[in-house]
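Remember, it's 1-based here, ligands and their atoms both numbered in the order they're listed.
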Amino acid sequence: MTKPLRIGVAGLGVVGTSLARLLHRQANALAMRAEGPVVLAAYSARSPRPERPEIAAARFWGDAVELAAKADVDVFVELIGGAGGVALAAVKAALGRGLPVVTANKAMLAAHGLELAALSEAHGAPLFYEAAVGGGIPVIKTLRESLAGNAIRRVSGILNGTCNYILSKMETERLPFDVCLAEAQRHGYAEADPTFDVGGFDTAHKLAILASLAFGSKIDAEAVSVEGIESITLDDLVAADELGYRIKLLGVAERTAHGVEQRVHPTMVGKGAPLAQTMGVLNAVSIDGDAVGELTLVGPGAGGDATASAVAADLVDVARGVRLPVFGRPAALLSDADRVPMQRHEGGYYVRLTVVDRPGAMGAIAARFGDRMISLEAIMQKRATKEWAEAGVVPVVLMTHGTTEASIRDALARTLEEGVVREKPQVIRIERDGV
Ligand code: HSE
């Protein structure tokens with residue numbers, strides 16, 4: 001056995017507490033895998049926690065940045081969260097003195113990943129972040145190491161447990177959005193601010209990280225087009241079900257003829273696809289590589305123990321002296337992200353319209369779609385409920401064959417202008433089978 005690996009952890013929230021327990025519970029196995037004991041030597045939190053046996057022997061620091069800069073530790077673990085502020089200052093302080101860093105902070109990496117990768121290289125201090133994407137799923141290792149022999153064509157995934165939990169529960173239990181969000185929060189899946197989850201921003205941060213690893217590009221969170229799940233109704237979930245689809249919040253990074261698309265939006269996924277079968281708080285990532293073909297990793301994407309599992313694996317890598325470029329290649333060799341405007345996206349669309357119930361309304365809509373060369377695959381018009389009938393409207397769902405985002409938006413704008421459609425149309429992109 002060699003000398004112990006002394007860990008300094010900043011943040012004792014859900015993940016930090018689970019990590020402390022895991023290190024205690026798995027002490028023997030970790031000591032063998034890391035070729036020396038893995039010891040929680042220091043921690044920072046809002047207040048000391050002497051009552052917890054797992055951290056009783058660790059030194060308390062009231063200031064995370066001071067811990068990162070001064071504590072007598074071999075690795076700094078950042079579990080505070082937030083794109084900047086204390087988390088960023090502490091990580092910079094640790095890297096700046098050559099201390100390896102393990103973080104679960106996707107928002108920080110999305111905003112400052114390139115700068116941190118350069119700092120890590122300059123000071124010879126590794127930066128690991130398996131827990132930042134997909135919770136317990138080893139997707140960072142998979143892209144950075146296991147698939148290094150592939151040209152990646154596409155990465156698509158369910159990257160937010162809260163959203164997947166909400167959509168799954170709404171669909172299976174026919175419950176409204178708010179009730180399902182409250183349940184997710186009760187289970188501790190949601191971010192401090194749920195807008196990060198349901199607005200798609202958490203997924204966007206994670207997607208930006210995966211896109212950088214997959215395409216060897218500088219992380220560019222602003223290139224991600226983001227839509228959340230707030231507008232998804234039970235009607236959409238039921239219609240999707242009847243048409244053979246499930247609605248999932250997907251993050252997709254894909255090389256197209258125009259560049260690399262990075263997009264987060266609710267998506268109709270054919271029920272046979274692995275991503276459609278991923279329910280509840282589970283996350284899943286499908287990766288399409290030229291040599292390996294398509295593979296899908298599925299597992300718990302949120303929660304203390306699952307996330308601590310990923311942090312612990314990074315700690316063992318630190319103990320073993322593993323050194324890898326942060327985004328799979330040296331920072332200086334990362335290319336500029338190849339942005340593609342969403343208007344150029346090509347694919348099928350689900351459109352739900354509130355159509356004015358009068359002769360010729362459907363004809364006018366079909367004509368506007370025809371003008372834009374949009375071919376319809378399916379049309380569903382249900383008998384209006386009493387409420388709809390009183391308002392003089394009927395709900396209509398259209399499914400299109402492949403077209404462009406620009407054409408769909410243009411056709412819909414025209415139908416609104418002509419007054420045959422009321423309310424903002426619901427537009428959900430359809431992914432090809434197999435994702
Ligand atoms: N709020 C996140 C989720 C936690 O629901 O997936 C993990 O990043």
Give the C-alpha distance, both sets of side-chain angles, the deciding distance and a yes or no for salt bridge (charged side-chain N to carboxylate O under 4.0 Å, His left out) between Arg59 and Glu66. CA-CA 13 Å; Arg59 177 170 168 195; Glu66 214 171 313; over 6 Å; no
For [X], look at atom [atom1] and say whether over 12 heavy atoms of other residues, nucleotides or ligands are found less than 6.0 Å away.
{"X": "Arg344", "atom1": "CZ", "answer": "no"}
{"X": "Glu51", "atom1": "CD", "answer": "yes"}
{"X": "Lys271", "atom1": "NZ", "answer": "yes"}

Which residue holds the protein heavy atom closest to atom 4 (C) of ligand 1, what is that atom called, and what is the gap in Å?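 Protein heavy atom at minimum distance: Glu191 OE2, 3.3 Å.
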Identity and distance of the protein heavy atom lying nearest atom 5 (O) of ligand 1: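 The protein heavy atom lying closest is Thr162 OG1, 2.6 Å.
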Hey, is Asp197 touching ligand 1 through its side chain, its backbone, both or neither, going by heavy atoms under 4.0 Å? side chain
Answer yes when Asp290 and Arg153 have at least one side-chain N-carboxylate O distance shorter than 4.0 Å, and no when they do not. no
Check this for me: does any side-chain nitrogen of one of Glu405 and Arg429 sit under 4.0 Å from a carboxylate oxygen of the other?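 Answer for the salt bridge query: yes.
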Test your reading of the structure: does Asn283 have an N or O sitting under 3.5 Å from an N or O of ligand 1? no
Could an N or O of ligand 1 be found under 3.5 Å from any N or O of Gly161, whether backbone or side chain? yes
Can you label the angle between the Tyr129 ring and the Phe327 ring as parallel, tilted or perpendicular, going by 30° and 60°?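 Judged by the thresholds at 30° and 60°, the geometry between Tyr129 and Phe327 is tilted.
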Would you mind running through ligand 1 and noting each atom that sits below 4.0 Å from a heavy atom of [X]?
{"X": "Lys106", "value": "7 (C), 8 (O)"}
{"X": "Asn160", "value": "1 (N), 2 (C), 3 (C), 5 (O), 6 (O)"}
{"X": "Lys206", "value": "2 (C), 6 (O), 7 (C), 8 (O)"}

Is there a heavy atom of Gly301 sitting under 4.0 angstrom from any atom of ligand 1? yes
